[in-house]
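Take a look at the structure set out below.
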Amino acid sequence: MKIYIDGKYYDRKDAKISVFDHGLLYGDGIFEGIRIYNGKVFKLKEHIERLYQSAKAILLDMHMTEEEMGNAVLDAVNINKKKNGYIRLIVTRGEGPLGIDPTTCKKATVIIIVSDIQLYPDEYYKNGIEIITASSRRIPSDSLDPRIKSLNYLNNIMAKLEARHSGCLEAVMLNREGFVAECTGDNMFIVKNNELFTPAPFHGALDGITMRTVMEIAESLGIKTHEATLTRYDLYNAEECFMTGTGAEIIPVIKIDGRIIGDGEPMVVTKRLINAFKKLIMS
Ligand code: PMP
């Protein structure tokens with residue numbers, strides 16, 4: 001494995017950054033998780049665009065154009081000879097003195113790791129997953145816009161811990177008002193009357209690239225989609241429910257807080273979308 005750091009490649013054991021990097025010290029940075037399917041980097045343009053939008057929002061000087069960043073990703077994939085896999089693209093504020101002031105950091109650090117990921121066991125994709133609602137609420141959108149894909153995941157990690165402590169692998173997070181935001185690393189969808197509903201980003205959800213892809217697929221299949229305001233009641237009474245994410249892909253949810261969703265197994269709309277998604281990523 002060859003890891004890209006600031007234009008150079010290192011073996012895994014030599015791929016190191018400074019302990020004074022503000023990405024480590026303060027979580028000051030942004031990232032993208034990207035899939036490689038069948039020798040192609042999936043939705044590269046969208047991921048690079050989102051990265052640069054996150055950078056703009058946190059006033060991070062990228063010192064590389066979007067095109068250069070895209071080419072660096074493609075180069076890292078080629079060097080690692082990966083036909084299927086997962087890319088972690090990270091940009092931190094860079095090295096600086098102690099103290100959070102980002103203006104003291106000289107230059108952003110760019111890291112590209114080309115590896116693999118499996119977030120959930122295969123059986124969950126076939127049979128569906130059980131999740132809980134976490135008591136940890138999503139950071140309010142007016143405090144930290146959820147569209148910024150930042151290195152600050154503690155809020156989500158707290159919810160993940162709650163899931164693990166109750167014997168589940170994933171948790172739904174609500175926003176401060178009690179509306180459904182998203183899961184700890186995935187967007188959330190429900191099916192009601194054969195239409196798709198997902199919480200709008202302003203409720204505290206990342207503007208997911210898989211979420212957008214699934215909405216496009218759904219529309220092309222004649223399934224109406226909505227960015228909506230959802231409560232736990234809506235989840236419990238949904239006909240179907242599933243989560244989406246680059247790492248997770250599409251995973252059916254069959255139980256939430258002990259309530260069985262639909263028939264308690266992956267159902268027709270979810271299965272149609274999973275099949276169409278598989279076709280798309282292999283095309
Ligand atoms: N929400 C959160 C909090 C995430 O970290 C992610 C990505 N892992 C997602 C949603 C899904 O986004 P995407 O489909 O763009 O990977």
Give the other cluster members for V214, using side-chain heavy-atom distances under 4.5 Å between Ile, Leu, Val, Met, Phe, Trp and Tyr residues; answer none if it is isolated. Y37, F42, F189, V191, L196, M211, M215, I217, L221, I223, F242, I250, V268, V269, L273, I274, F277, L280, I281, M282
Which donor-acceptor pairs under 3.5 Å do the side chains of residues 252-263 make with protein atoms, sequence neighbours left out?
from	atom 1	to	atom 2	distance (Å)
D257	OD1	T133	N	2.6
D257	OD1	T133	OG1	3.4
D257	OD2	T133	OG1	2.5
D257	OD2	Y236	OH	2.5
R259	NH1	D257	O	2.9

Using the test ring pair (Phe, Tyr, Trp, His ring centres under 6.0 Å), find all partners of H47 that sit at least two apart in sequence or belong to another chain. none
Apply the side chain to side chain donor-acceptor pair (under 3.5 Å) test between E32 and each candidate in K43, R50, K149; give the one that qualifies. R50
Check this for me: F20, atom CZ, are more than 12 non-hydrogen atoms of other residues, nucleotides or ligands nearer than 6.0 Å? no
State whether R212 and D207 are salt-bridged, where the test is any N-O pair (Lys NZ or Arg NE/NH1/NH2 against Asp/Glu carboxylate O) under 4.0 Å. yes
Is the distance from the ring center of F31 to that of Y153 below 6.0 Å? yes
Ignoring hydrogens and geometry, is there a side-chain-to-backbone donor-acceptor pair from R93 to G29 under 3.5 Å? no
Yes or no on side chain to side chain donor-acceptor pair (under 3.5 Å) for T229 and H203, after CA distance, side-chain angles and deciding distance? CA-CA 8 Å; T229 300; H203 281 310; 2.8 Å; yes
If you measure only the distance, is there a donor-acceptor pair under 3.5 Å linking the side chains of S135 and E162? yes
Yes or no on side chain to side chain donor-acceptor pair (under 3.5 Å) for D186 and Y120, after CA distance, side-chain angles and deciding distance? CA-CA 12 Å; D186 320 298; Y120 303 104; 3.1 Å; yes
Going through the checks in order, is the side chain to side chain donor-acceptor pair (under 3.5 Å) test met by T198 and N187? CA-CA 8 Å; T198 190; N187 289 107; 5.2 Å; no
